[in-house]
There are 2 protein chains.
Amino acid sequence: MAGQDRTRGNAPGGRERKPTMADVARHVGVSRALVSIVFRGAEGASEATRQRVLEGAAALGYRRDSLARGLRSNRTRNLGILFDLRRPFEVEFVEHTYPAVEKYGYHLLLGAVTPHRNQARVVEELLTYRCEGLIVLGPEPDGDRLESIADEVPLVEVGRGVTPGRVDVVRNDDALGTRQAVDHLVHLGHRAIAHIDGGTNPGARDRRAGYREAMTDHGLAHEIRVVAGGYTDEAGATAARQLLAEGLPTAVITANDQAVIGLLDVAVRAGLRIPEDLSVIGYDDSRFLRLPGIDLTSVRQDIPAMAELAVQAAVERIELPETEPRSVALPPQLVVRNTTKTPKNAE
Amino acid sequence: MAGQDRTRGNAPGGRERKPTMADVARHVGVSRALVSIVFRGAEGASEATRQRVLEGAAALGYRRDSLARGLRSNRTRNLGILFDLRRPFEVEFVEHTYPAVEKYGYHLLLGAVTPHRNQARVVEELLTYRCEGLIVLGPEPDGDRLESIADEVPLVEVGRGVTPGRVDVVRNDDALGTRQAVDHLVHLGHRAIAHIDGGTNPGARDRRAGYREAMTDHGLAHEIRVVAGGYTDEAGATAARQLLAEGLPTAVITANDQAVIGLLDVAVRAGLRIPEDLSVIGYDDSRFLRLPGIDLTSVRQDIPAMAELAVQAAVERIELPETEPRSVALPPQLVVRNTTKTPKNAE
DNA sequence: TCGAGCTACTAGCTCGATCTAGTTTTGGTA
DNA sequence: TACCAAAACTAGATCGAGCTAGTAGCTCGA
């Protein structure tokens with residue numbers, strides 16, 4: 001028995017060579033093709049053989065090779081998602097993307113944008129893994145041209161649309177969000193309502209516009225006050241310092257929750273009480289963002305619904321390339337907690 | 001010229017079939033093998049041809065197929081990392097893992113553990129992508145047996161070692177961390193120092209032990225007070241309520257920063273001032289965790305160094321399977337800010 | 001007894017890049 | 001000019017699973 005020598009290349013790390021379908025087939029006594037049939041769940045195998053194959057595979061510790069599979073079938077069923085690990089909103093979005101992706105029988109590949117890996121770089125990486133579709137959270141408009149990518153693979157932009165053409169866009173109605181915030185504050189009796197904006201961040205332009213329009217509609221055009229901000233606590237802090245220096249409003253709407261941290265940091269150190277001295281409304285209602293002693297009033301985006309829509313759009317575009325891309329904007333909802341209150345000066 | 005019909009299978013999503021090395025070779029007028037040589041950076045191609053090939057590839061929009069590559073070479077150079085998207089420490093760790101991984105010429109595949117995807121599931125997924133090594137942040141000890149995985153692929157556990165045998169472990173010296181915290185507080189004059197522990201979370205046992213030992217060494221064995229906690233703000237809040245009900249210490253050391261949020265939440269609502277009424281020390285010094293009006297004293301782990309060591313261990317075990325696994329514990333460092341102060345009752 | 005119509009199964013080409021074992025070209029030297 | 005080694009390049013097998021086209025064996029009806 002000149003033992004069939006299995007001592008092959010055995011690349012680094014290959015402890016014992018992984019078993020293949022051929023190994024399973026030999027072990028069970030059937031053809032390779034049949035093993036393939038069983039693992040694909042295709043028809044053409046009797047129930048008895050199916051069981052024997054599965055048992056044999058389990059005994060050998062066989063695992064289907066996704067590389068070979070993807071190569072031959074020319075499908076990976078991979079969906080890539082680009083996001084920033086530091087943004088609570090995006091992280092929450094990613095978590096809710098998993099169930100949607102599974103529902104359609106795809107796999108989710110995470111592409112993390114970090115200070116050292118920009119969007120273009122991450123896209124390139126995900127395409128190397130042959131993702132069949134990409135979901136981009138908070139796409140960056142300048143420089144990184146996603147247009148050329150959209151030719152290669154279906155693209156879904158979340159938060160805002162930056163790429164003209166064949167791209168799906170899933171976002172929330174940002175203008176409506178800040179409008180709700182203004183409505184609520186005006187209803188409480190506020191007039192001096194400032195907005196710490198989000199600069200060029202995703203959704204920020206519309207949030208700014210919604211604020212402006214709502215103020216105007218309430219006859220408070222002369223009270224409009226937009227302070228340059230951003231989506232970080234530093235930006236919120238800087239804007240807060242500016243407000244303190246130039247004179248406080250009775251209420252502030254920030255462009256996102258993260259900026260609230262900086263705002264509160266400055267406010268607390270300045271001896272202000274929230275909401276007695278200042279009402280505050282954030283945006284995103286981040287679940288992971290807890291502020292000690294404070295329950296933040298914030299505008300909530302329907303993340304699970306958005307995730308589902310984004311995946312659905314990508315899958316649809318993958319499987320029916322001819323259909324037209326859509327753009328949807330879900331209505332957000334103001335969640336009132338206790339950082340908003342009738343202002344002191346109101347009688 | 002019966003136009004060579006390129007209208008192949010064109011799976012769903014395949015807009016225009018992706019160009020292959022054969023296409024590039026034909027376009028440039030060389031053999032497939034040579035194109036391969038150029039893209040691998042192997043020697044055996046003249047500088048002139050190398051340029052022509054690269055230009056031709058760029059013109060066609062050619063991208064190397066990682067599936068075919070991995071299949072044939074039996075190497076993917078993928079490293080998988082398991083982590084929890086919600087844990088700031090682990091997220092920060094992941095960010096620092098990228099540069100290390102690149103340095104060794106590998107790719108990082110993120111495996112996110114979420115409430116709906118447990119560790120075992122994520123491991124399975126990463127192995128499907130043929131990761132050659134796995135880095136597990138905060139490995140779960142019970143149930144999910146990683147032992148069997150360690151036979152298939154090199155395993156590095158970060159935070160604590162839970163799997164006996166051929167596994168590398170990279171962690172910080174947790175006992176030393178809480179010891180430093182106790183030392184600092186005792187030095188300030190505290191005696192009634194409580195510890196809100198981390199339950200069964202990674203590192204929590206050693207942090208608890210370090211606290212106990214340090215207290216004993218300072219002759220404060222009778223002051224030892226460990227309250228059941230966890231790594232979440234809820235756990236911190238619950239423990240804080242218990243402390244309030246049973247009588248406050250003058251200082252509290254939590255098992256991680258996240259728990260501090262809950263602790264402060266309860267403390268602030270109870271009208272306590274920090275650090276005047278209560279000194280607080282956290283663990284991890286999370287960069288992304290900012291508390292308004294508060295600069296938290298915390299124990300910092302050297303994340304970049306740990307990430308580098310983890311990757312190095314994985315790569316070493318992949319490329320030199322025979323070397324013995326190691327276990328290292330880096331010294332943490334207490335970062336003193338302003339949540340600690342001499343207690344009021346001290347003269 | 002034949003063959004039609006099944007089900008259960010198999011042979012062997014294929015996906016795209018890698019890699020071994022060659023072959024041709026080049027350039028330098030006797 | 002002849003020769004040789006090195007450099008530049010190529011043919012073709014190969015990785016593991018998927019898939020098409022086909023065969024073997026069975027049942028059933030006429």
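Within every chain, numbering begins at 1; the chains are lettered A, B, ... in the order of the sequence lines, protein sequences first and strands thereafter. These values consider heavy atoms only, across backbone and side chains, with no hydrogens, waters or symmetry-generated copies.
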Counterpart base for D:dA30, defined by Watson-Crick or G-U wobble contacts under 3.5 Å: C:dT1

Looking only at side-chain N and O atoms, does A:Ser31 come under 4.0 Å of OP1 or OP2 in C:dT10? yes

Please pick, from D:dG16, C:dA11, C:dC9, the nucleotide with the shortest atom-to-atom distance to any side-chain atom of A:Thr20. D:dG16

Nucleotide D:dG16, atom C1' - distance to CZ of B:Arg69 in whole Å: 18 Å

In whole angstrom, what separates B:Asp65's CG from C:dC15's P? 13 Å

What nucleic acid atoms does B:Val30 come within less than 4.0 Å of, heavy atoms only: base, sugar-phosphate, or nothing? sugar-phosphate

OP1 or OP2 of D:dC9 less than 4.0 angstrom from a side-chain nitrogen or oxygen of B:Thr49, does that happen here? yes

For A:Ser36, answer base if it contacts any base atom (sugar-phosphate contacts may also be present), sugar-phosphate if it contacts only those atoms, and nothing otherwise; contact means non-hydrogen atoms under 4.0 Å. base

Any side-chain N or O of A:Arg63 less than 4.0 Å from the OP1 or OP2 oxygen of D:dG16? no

Let me spell it out: for each of A:Arg32 and A:Arg50, pick the nucleotide of DNA chain C with the closest heavy atom. Which residue's pick is nearer the 5' end? A:Arg50

Under the side-chain hydrogen bond (donor to acceptor under 3.5 Å, both in side chains) test against B:Tyr104, which residue among B:Glu316, B:Glu319, B:Glu308 passes? B:Glu308

Rounded to the Å, how far apart are B:Arg75 CZ and C:dG16 P? 24 Å

Nearest heavy atoms of A:Glu132 and A:Val153, plus distance in Å: O-CG2, 3.0 Å

Kindly point out which of C:dA17, D:dC9, C:dG16 is positioned nearest to the side chain of B:Leu71? C:dG16

Pair B:Asp65 + B:Lys18, salt bridge at N-O below 4.0 Å: no

Minimum heavy-atom distance between A:Leu85 and B:Glu95, given as atom pair plus value: CD1-CG, 3.9 Å

Just checking B:Tyr129 against A:Tyr129, ring centres under 6.0 Å apart? no

Protein-nucleotide distance (A:Phe39, atom CZ; D:dC19, atom C1'), rounded to Å: 17 Å

Compare the minimum distances between each of D:dG18, D:dC9, C:dT18 and the side chain of A:Arg40, then state the nucleotide with the smallest one. D:dG18

Interatomic distance, A:Ile37 CD1 vs D:dG18 P [rounded to whole Å]: 11 Å

Measure from the side-chain heavy atoms of A:Arg64 and tell me the nearest of D:dG18, D:dG16, D:dT10. D:dG18

For C:dT18, does OP1 or OP2 lie under 4.0 Å from any side-chain N or O of B:Ser73? no

Base-pairing assignment for C:dG27 (Watson-Crick or G-U wobble, both under 3.5 Å): D:dC4

In whole angstroms, the gap separating P of C:dG16 from CG of B:Leu34 amounts to 20 Å

Heavy-atom closest pair (B:Gln119 atom, B:Leu146 atom, distance to 0.1 Å) is NE2-CD1, 3.7 Å

Starting at atom CE of B:Met21, determine the distance to atom P of D:dA11, rounded to an integer number of angstrom. 16 Å

It should be established whether A:Arg72 places a side-chain nitrogen or oxygen under 4.0 Å from OP1 or OP2 of nucleotide C:dT14. no

A:Asn74 CG to C:dC13 P: how many Å, rounded? 21 Å

When the nearest nucleotide of DNA chain D is assigned to B:Ala68 and to B:Ala45 on a heavy-atom basis, which residue is associated with the more 5' position? B:Ala45

